[in-house]
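Since the structure comes first, as structure tokens, the remarks are kept for the end.
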Amino acid sequence: FAWVFPKTAQNLENYRYYLLDAARENAHKNGFNGAQYPWESADDGSEQCPDWTIEPDGSCYRCYVAVYEHHVTAAVAYGIYNYVKITQDMDFLYSKGAEILTETARFWASRCEYNKEQDRYEINQVTGPDEWHEPVNNNLYTNYLARWNLGYVLSLLASIKKENQEAYDILIEKTGLTEAETAHWKEVQEKMYLPRKEGTRLLEQFEGYFELDNVTIEKYDENDWPVRPDALKTKRARETQINKQADVVMLLHLMGNEFDEETIKENYAYYEKRTLHGSSLSPSIFSVMGLKVGDDSKAYRYLRRAAFIDLLNMQGNTREGIHAANTGGVWQTIVFGFAGVA
């Protein structure tokens with residue numbers, strides 16, 4: 001939207017601002033500071049994600065998405081960063097955007113726990129993009145985005161103070177931000193724990209991930225969709241390294257400039273063999289990252305999977321409506337991937 005319909009993108013960012021007070025209330029309700037955006041939001045900003053969901057066979061299971069999936073708050077912050085990078089809407093950034101970003105950073109600082117023994121900050125009992133492992137400790141995607149969120153806001157505050165003192169004073173008045181608070185944010189950002197396999201380039205999806213059963217995907221169906229490994233007939237996915245969707249690979253997509261080429265290649269290859277794409281959001285990310293690592297053939301296969309999800313009803317639920325976010329993923333993959341628009 002920011003690239004082709006910037007006014008719509010601005011409206012979407014304004015929507016986040018109008019629901020900022022509700023996000024503050026959500027954080028307070030859950031015992032945190034700042035603003036915690038809900039996983040599924042209504043027009044009043046309240047959490048609408050259900051506690052129970054119904055499976056196709058009629059069975060019910062407890063849904064913990066709203067309880068543990070906190071990375072949505074970092075996604076709101078990243079969305080502002082991306083919107084401003086594309087549109088150069090500095091008026092929004094220095095006013096509404098800065099206020100949202102300050103409150104998201106405040107949330108992450110309160111969400112992190114200090115591990116005195118290891119002298120590091122951690123995020124425990126959390127679920128990353130891969131929803132088949134819930135909850136876990138120190139999901140890399142969540143920790144990394146929280147660290148980014150804190151660092152970006154600290155840099156932004158310095159810029160606003162230098163370039164627009166009036167906007168800075170208004171922000172401080174609205175948020176009550178103190179120097180002691182930002183000093184704490186800097187410490188949390190610098191000491192955030194980012195798990196990886198020691199002595200290798202492999203990034204660990206979450207603490208203990210590499211200790212799980214090392215099950216991989218070996219077969220594909222007639223639509224070139226990965227087939228569930230036989231091991232999952234006797235084991236739950238959470239007991240294995242099999243993932244629902246892009247997690248570490250999603251991190252590499254968003255923060256790729258912070259990793260060297262070999263690290264990106266090795267992690268793409270590792271997690272590609274362990275991702276079943278139970279979410280429609282996943283194939284397009286693996287497609288654009290396939291191009292990034294130089295595997296054009298695999299990237300095209302993933303593009304076909306993403307493009308035909310609803311045309312071929314690959315997930316058996318197109319009757320409920322198209323996967324709209326997936327269409328956005330396909331658009332981005334074609335424009336920024338195959339078409340090479342920078």
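Sequence positions, counted from 1, serve as the residue numbers for this chain.
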Sequence neighbours excluded, the answer for side chain to side chain contact (heavy atoms under 4.5 Å, CB included) partners of Val76 is Arg16, Tyr37, Ile100
Do Phe1 and Val288 belong together in a cluster built from hydrophobic side chains that touch within less than 4.5 Å? no
Taking salt bridge (charged side-chain N to carboxylate O under 4.0 Å, His left out) as the test, write out the residues that go with Arg201, two or more places apart. Asp260, Glu266
Using a 6.0 Å cut-off, check whether atom CD1 of Ile54 has over 12 heavy atoms from anything other than its own residue. no
Ile309 vs Trp225, test: side-chain contact (heavy atoms from CB on, under 4.5 Å). Steps then yes/no. CA-CA 10 Å; Ile309 279 178; Trp225 203 263; 4.0 Å; yes
If every non-hydrogen atom of Ser110 is compared with every non-hydrogen atom of Phe32, which pair is closest and at what distance? OG-CB, 3.5 Å
Can you tell me which residue among Gln245, Lys244, Gln205 is in a side chain to side chain donor-acceptor pair (under 3.5 Å) with Asp130? Gln205
Might you point out which heavy atoms bring Gly45 and Pro38 nearest each other, and give the distance in Å? O-CG, 3.5 Å
More than 12 heavy atoms of other residues, nucleotides or ligands under 6.0 Å from CD of Glu166: is that the case? no
If you take all heavy atoms of Thr87 and Pro6, which pair is closest and at what distance? CG2-CB, 4.2 Å
Pick from Trp3, Phe338, Phe336: which one makes a ring pair (Phe, Tyr, Trp, His ring centres under 6.0 Å) with Trp331? Phe336
Carefully, step by step, assess Arg304 and Asn223 under the rule side chain to side chain donor-acceptor pair (under 3.5 Å). CA-CA 9 Å; Arg304 285 181 57 85; Asn223 292 320; over 6 Å; no
Please name the pair of heavy atoms, one in Arg238 and one in Pro135, separated by the smallest distance, quoted to 0.1 Å. NH2-O, 4.1 Å
Could you state whether Leu154 and Tyr152 fall into the same hydrophobic cluster, counting links through intermediate Ile, Leu, Val, Met, Phe, Trp or Tyr residues with side-chain heavy atoms under 4.5 angstrom apart? yes
Are the charged groups of Asp213 and Lys235 less than 4.0 angstrom apart, N to O? yes
Would you say CD of Glu262 has more than 12 non-hydrogen atoms from neighbouring residues, nucleotides or ligands within 6.0 angstrom? yes
How about Lys7 and Gln10: does a side-chain donor come under 3.5 Å of a side-chain acceptor? yes
Result of checking Tyr193, Trp108, Tyr114 against Tyr121 for ring pair (Phe, Tyr, Trp, His ring centres under 6.0 Å): Tyr114
Please assess Tyr271 against Met289 for the test side-chain contact (heavy atoms from CB on, under 4.5 Å), listing each intermediate value before the final yes or no. CA-CA 12 Å; Tyr271 287 100; Met289 288 307 297; over 6 Å; no
Once you round to the nearest 0.5 Å, how far does CD1 of Ile264 lie from CD of Glu258? 10.5 Å
Taking every heavy atom of Thr73 against every heavy atom of Ala35, the minimum-distance pair comes out as CG2-O, 3.5 Å
Proximity of Tyr268 and Phe286 rings by center, below 6.0 Å: yes
Considering only heavy atoms from C-beta outward, does the side chain of Tyr94 approach that of Leu156 to under 4.5 Å? yes
Heavy-atom check, side chain of Asn137 versus side chain of Val126, under 4.5 Å: no
Decide side-chain contact (heavy atoms from CB on, under 4.5 Å) for Phe206 and Leu212; before the verdict, give the C-alpha distance in whole Å, the side-chain angles of both, and the deciding distance to 0.1 Å. CA-CA 11 Å; Phe206 54 82; Leu212 300 175; 3.8 Å; yes
Pair Glu13 + Lys96: basic N to acidic O under 4.0 Å: no
Roughly how far, to the nearest 0.5 Å, is the CE atom of Met192 from the CD1 atom of Ile123? 4.5 Å
Just by distance, with hydrogens left out, do Arg319 and Asn313 show a side-chain donor and acceptor under 3.5 Å apart? no
Verify whether one side chain among Gln125 and Tyr64 offers a donor that lies under 3.5 Å from an acceptor in the other. no
Might you point out which heavy atoms bring Arg305 and Pro283 nearest each other, and give the distance in Å? CB-CB, 4.3 Å
Tell me, with the steps shown, if Ile285 and Leu281 meet side-chain contact (heavy atoms from CB on, under 4.5 Å). CA-CA 7 Å; Ile285 300 303; Leu281 305 175; over 6 Å; no
Do the side chains of Glu272 and Arg301 get close enough for a salt bridge, i.e. N-O under 4.0 angstrom? no
Checking Asp169 against Gln165: is there a side-chain donor and acceptor pair closer than 3.5 Å? yes
Could you check whether Tyr18 and Tyr15 have their ring centres less than 6.0 Å apart? no
Would you say OH of Tyr220 has more than 12 non-hydrogen atoms from neighbouring residues, nucleotides or ligands within 6.0 angstrom? yes
